[in-house]
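Working notes for the structure below.
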Amino acid sequence: MNGFGVMSPGVWLMRSLGLAAKLGLLGLLMLVAVASAYGLPLLLGPGVWTLLLVLLTVLVLAYLMLAFYLGFSTDFEQIAKGIRQISEGNLRAKVSVHGQDELAAVTASLDKMTLTISAMVADIRSNSALVAAAGKSLATGNRDLAGRTEQQAANLEQTAASVEQLSSTVQQNAHTAQGADAQATQLRRAAEQGTAA
């Protein structure tokens, strides 16, 4: 309300009324002005008092219309400024509108919406930090798993080499056994021939 000077009482009155009440008051003053201009001279007769009443009514009407315009345009500009700040990402923007009219209700709703959005952004940031921590933990687990897998692969290679060496040894033993069997067979034949002789 600062900066209105002589208009402050009128602006305060207009801000304290709802839109319907504002329009009703201005319409009533218009009717009084018209009635004063056309109807009262017939009742009171032409004169200074009639002219003063018409002039006073027109001045009050003009004063309240100007107060309505000043209050509305100032409040509307504050709301637009707040919306611009919020749309640019400033979730700490506060809209300051005084009064009890519809613009004050819109301002309260805008402030509440900003708080809700701010809380949602804080939740999203918190959840993304948790996801990042879980991702780091998962990456560490994957590195550990890869190391263990490489170790198991090396162990399997050693086991395969040992099995291959064992298989070679078994084959050699089989050849040696076959050779021994052939010699034993020859020896038995020689013994049988010796016995026969």
| query | For the hydrophobic clusters of this structure (ILVMFWY residues joined by side-chain heavy atoms under 4.5 Å, transitively), does one cluster hold both L25 and Y69? | reply | yes
| said: To the closest 0.5 Å, what do you measure between OG1 (T57) and CE (M30)? | reply: 12.5 Å
| task | Please name the pair of heavy atoms, one in S16 and one in Q100, separated by the smallest distance, quoted to 0.1 Å. | result | O-OE1, 3.8 Å
| What heavy-atom pair brings G10 and A67 nearest, and what distance separates the two atoms? | C-CB, 3.3 Å
| query | If you round to the nearest 0.5 Å, how far is CD1 of I117 from NZ of K112? | reply | 13.0 Å
| message | Within the 4.5 Å heavy-atom criterion, are I86 and L110 side-chain neighbours or not? | response | yes
| field | hydrophobic_cluster_shared for I79 and L70, side chain cutoff 4.5 Å | value | no
| Distance in Å, S8 OG paired with L13 CG, rounded so as to fall on 0.5 Å steps | 12.5 Å
| Are more than 12 heavy atoms from other residues, nucleotides or ligands located less than 6.0 Å from atom CE of M120? | no
| task | Any chance you could measure L31, atom CG, to L26, atom CG, to the nearest 0.5 Å? | result | 11.5 Å
| note | OG1 (T176) and CD (Q178) are apart, to the nearest 0.5 Å, by 9.0 Å
| Quick one: does F72's side chain get under 4.5 Å of M14's, heavy atoms only? | no
| Can L17 be reached from V60 by stepping across I, L, V, M, F, W or Y side chains whose heavy atoms are under 4.5 Å apart? | yes
| Joint hydrophobic cluster, V95 plus L103, side-chain heavy atoms closer than 4.5 Å | yes
| Does atom CE of M65 have more than 12 heavy-atom neighbours, drawn from other residues, nucleotides or ligands, at distances under 6.0 Å? | no
| task | Apply the test salt bridge (charged side-chain N to carboxylate O under 4.0 Å, His left out) to residues K22 and E102: give CA-CA distance (whole Å), side-chain angles for both, the deciding distance (0.1 Å), then the verdict. | result | CA-CA 11 Å; K22 289 176 193 177; E102 289 81 1; 5.1 Å; no
| request: Report the distance from atom CG of D111 to atom OG1 of T116, rounding to the nearest 0.5 Å. | output: 10.5 Å
| request: Verify the cluster assignment for L19 and L66: are they in a single hydrophobic cluster under the rule of side-chain heavy atoms below 4.5 Å apart? | output: yes
| field | Side chain S126, main chain A122, donor-acceptor under 3.5 Å | value | no
| Side-chain donor or acceptor of T74 paired with backbone N/O of G71 under 3.5 Å | no
| task | Decide, yes or no, whether a salt bridge links D75 with R15 under the criterion of side-chain N to carboxylate O below 4.0 Å. | result | yes
| query | Less than 4.5 Å apart, any side-chain heavy atom of S73 and any of F68? | reply | no
| Short side-chain to backbone donor-acceptor contact, T195 and A191, under 3.5 Å | yes
| field | Residues R188 and E192 bridged, charged N to O under 4.0 Å | value | yes
| said: Strictly by side-chain hydrogen bond (donor to acceptor under 3.5 Å, both in side chains), give each pair with a member in residues 135-157 just once, sequence neighbours left out. | reply: T140-R143, Q151-N155
| Judged by atom type as modelled, is there a donor-acceptor pair below 3.5 Å linking the side chain of S87 to the main-chain atoms of I83? | yes
| request: Taking all heavy atoms of A93 and all of G82, pick out the closest pair and write down the distance. | output: CB-O, 4.4 Å
